[in-house]
Amino acid sequence: MPRIPNGPALPQGGGAASPRAVGLGRRAFAGLGLAGAALALGARPAAAATFPDRAISVIVPFAPGGATDLAGRLMADRMGPHLGGDGRAVVENKPGAGSALGAEYVRRARPDGYTLLVGSASTLAVAPAAQPKVAPYNPAEDFTPIAIIGTSAMGLVVPAASGIRSVPELIARLKKGQGADGYASSGVGGVSHLASALFCSMAEAPANHIPYRGGSSVAEALIKQEVAFAIDQIASIVGQIRDGALTLLAVTTSTRDPNFPEVPTLSEAGVKGYELSTWTAMVAPKGIPPEVAEALNRAANAALQEPAVRERLSTSGTDPSSGSTLESTRTFLTEQFAHFQKVVDRTGLRID
């Protein structure tokens with residue numbers, strides 16, 4: 001899994017009147033301008049000191065029911081008490097465009113700390129790397145990085161009813177079908193799409209991509225045998241794995257998942273050198289007050305230290321962060337964006 005490192009827009013208005021038109025000399029006008037600037041500078045810490053004084057919107061760029069949605073709801077529920085004031089947060093799901101729709105909504109929001117994005121590697125790395133026209137942003141430069149929530153293993157799953165019980169069996173079926181079989185993803189240009197495309201490329205086993213809206217829809221498509229396989233966050237499909245509806249053939253990380261120690265890695269199962277994982281992070285619009293960013297970072301880290309939060313994330317397949325700073329989160333996003341750009345180039349997944 002990727003290593004987690006330790007540790008405002010101007011208002012719009014009409015044209016300004018000239019100093020002469022309002023009966024002011026140049027010195028008086030300049031003096032008012034300086035006074036106004038001083039007042040504006042003085043107001044910023046005051047606004048930060050009262051933060052939050054209303055509800056915070058936490059945007060999840062996927063449909064309800066998936067791994068990112070779970071992380072977003074946990075953070076929204078538990079960050080509030082650590083923020084003080086009117087520390088309430090409400091989750092809004094805004095899926096679409098491979099999760100770029102929700103990211104763009106947050107990127108364009110007022111930079112006051114009241115609109116946050118909880119996104120995955122799909123949102124903050126794969127989408128801008130694979131679909132730069134749909135996701136025209138740099139995750140570290142066009143947002144204010146707040147905190148890393150955790151990293152997640154991905155799993156290669158098939159319908160239990162398919163009878164396939166190993167990776168070599170799946171590869172043999174795909175090669176026999178010569179591209180007739182399909183694989184599901186939670187959206188075009190997302191990390192599940194990229195992970196499956198990389199698998200097909202490395203295994204030399206062709207398959208047809210069929211996108212769905214979110215992890216819950218992927219699981220449903222698999223159970224109905226509309227597709228042959230999917231690679232998705234284990235946290236999104238863990239329930240269906242444990243109830244026997246889906247068979248977990250392998251995990252995508254370099255080491256086995258502690259929740260499923262009997263399941264091999266893809267590299268162990270025959271696709272030598274395969275390694276890919278995803279993660280979840282929180283960001284805000286670029287330019288929020290530094291004091292507000294620090295308050296959000298402290299609240300996120302405090303929430304992630306709560307035993308109930310850590311247990312809920314862990315049992316669903318996410319390894320919760322032990323803590324991150326604003327700067328370490330920025331470094332992490334920068335490194336991961338570069339990493340996924342290389343994977344996109346390798347698979348040829350770029351979508352113009």
Side-chain angles (χ1 to χ4, degrees), residues 1 66-67 120-122 151-187 190-212 214-278 314-319 343 347 349:
M1 289 192 184
S120 69
S122 290
T151 56
S152 304
M154 302 182 75
L156 171 59
V157 290
V158 296
S162 69
I164 295 173
R165 295 294 180 265
S166 70
V167 173
E169 288 179 31
L170 174 62
I171 292 173
R173 170 176 164 171
L174 296 178
K175 288 183 175 180
K176 183 178 180 180
Q178 297 183 341
D181 291 298
Y183 64 86
S185 81
S186 54
V191 69
S192 60
H193 182 189
L194 182 65
S196 294
L198 182 62
F199 166 72
C200 290
S201 173
M202 294 181 68
E204 298 181 346
N208 182 39
H209 175 229
I210 303 175
Y212 291 84
S216 57
S217 298
V218 168
E220 184 179 352
L222 283 161
I223 293 168
K224 292 179 179 179
Q225 298 193 68
E226 295 174 1
V227 291
F229 76 97
I231 297 179
D232 207 352
Q233 290 187 62
I234 291 177
S236 293
I237 49 178
V238 66
Q240 293 84 353
I241 294 170
R242 287 183 170 146
D243 69 16
L246 299 179
T247 300
L248 178 62
L249 299 182
V251 295
T252 63
T253 43
S254 59
T255 58
R256 297 192 179 197
D257 190 298
N259 292 306
F260 300 95
E262 73 285 358
V263 176
T265 67
L266 260 173
S267 188
E268 289 175 330
V271 188
K272 298 297 183 184
Y274 189 105
E275 180 184 356
L276 195 72
S277 59
T278 186
S314 296
T315 56
S316 67
T318 296
D319 183 16
V343 179
T347 59
L349 192 62

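What you are looking at is a predicted structure, and each value in this text was computed from that prediction instead of being measured. By convention here, the first residue in the shown sequence is residue 1.
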Between [X] (side chain only) and [Y] (backbone N and O only), is there a donor and an acceptor less than 3.5 Å apart?
X    : Y    : result
N259 : S314 : yes
S162 : P159 : yes
T265 : T252 : no
Y274 : T253 : no
S236 : D232 : no

Margin query: Apply side-chain contact (heavy atoms from CB on, under 4.5 Å) to residues V251 and M154 and explain how you reach the verdict.
Written below: CA-CA 6 Å; V251 295; M154 302 182 75; over 6 Å; no
Item checked: For S166, side-chain contact (heavy atoms from CB on, under 4.5 Å) partners two or more places apart -> P168, E169
Next item on the list: Show your working on side-chain hydrogen bond (donor to acceptor under 3.5 Å, both in side chains) between S120 and T278 and close with a plain yes or no.
Entry: CA-CA 7 Å; S120 69; T278 186; 4.8 Å; no
Taking the side chain as C-beta and beyond, is there a heavy-atom pair between [X] and [Y] under 4.5 Å?
X    : Y    : value
L246 : V158 : no
L349 : H193 : yes
L170 : L156 : yes
L249 : V263 : no

So which atom in [X] and which in [Y] form the shortest heavy-atom distance, rounded to 0.1 Å?
X    : Y    : value
A160 : G244 : CB-O, 3.1 Å
L248 : G155 : CD1-CA, 3.7 Å
S186 : S192 : N-OG, 3.0 Å
A184 : S196 : O-OG, 4.4 Å
G182 : I210 : CA-CD1, 4.3 Å

Report, one line per pair, each donor and acceptor closer than 3.5 Å where one atom sits in a side chain of residues 223-230; sequence neighbours left out.
residue: K224; atom: NZ; partner: E220; partner atom: OE2; Å: 2.9
residue: E226; atom: OE1; partner: Y212; partner atom: OH; Å: 2.8

The criterion is side chain to side chain donor-acceptor pair (under 3.5 Å); which residues satisfy it with [X], sequence neighbours excluded?
X    : answer
S122 : none
S185 : H209
T318 : S152
R256 : E268

Side chains of residues 198-208: which donor-acceptor pairs under 3.5 Å do they make with residues two or more places apart or in other chains?
none

Check: Say you draw a straight line from OG of S254 to CD of E275; how long is it, rounded to the nearest 0.5 Å?
Finding: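 Atom-to-atom, S254:OG and E275:CD are 4.0 Å apart.
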Exercise answer: donor-acceptor pairs, residues 171-181 side-chain atoms, under 3.5 Å, sequence neighbours excluded:
residue: R173; atom: NE; partner: D181; partner atom: OD1; Å: 3.3
residue: R173; atom: NH2; partner: D181; partner atom: OD1; Å: 3.1

Next item on the list: Starting from the C-alpha separation in whole Å, work towards a yes-or-no answer on side-chain contact (heavy atoms from CB on, under 4.5 Å) for L222 and V157.
Entry: CA-CA 8 Å; L222 283 161; V157 290; 3.6 Å; yes
Next item on the list: Hey, could you give me each pair passing ring pair (Phe, Tyr, Trp, His ring centres under 6.0 Å) that has a residue in residues 235-265? Not counting sequence neighbours.
Entry: none
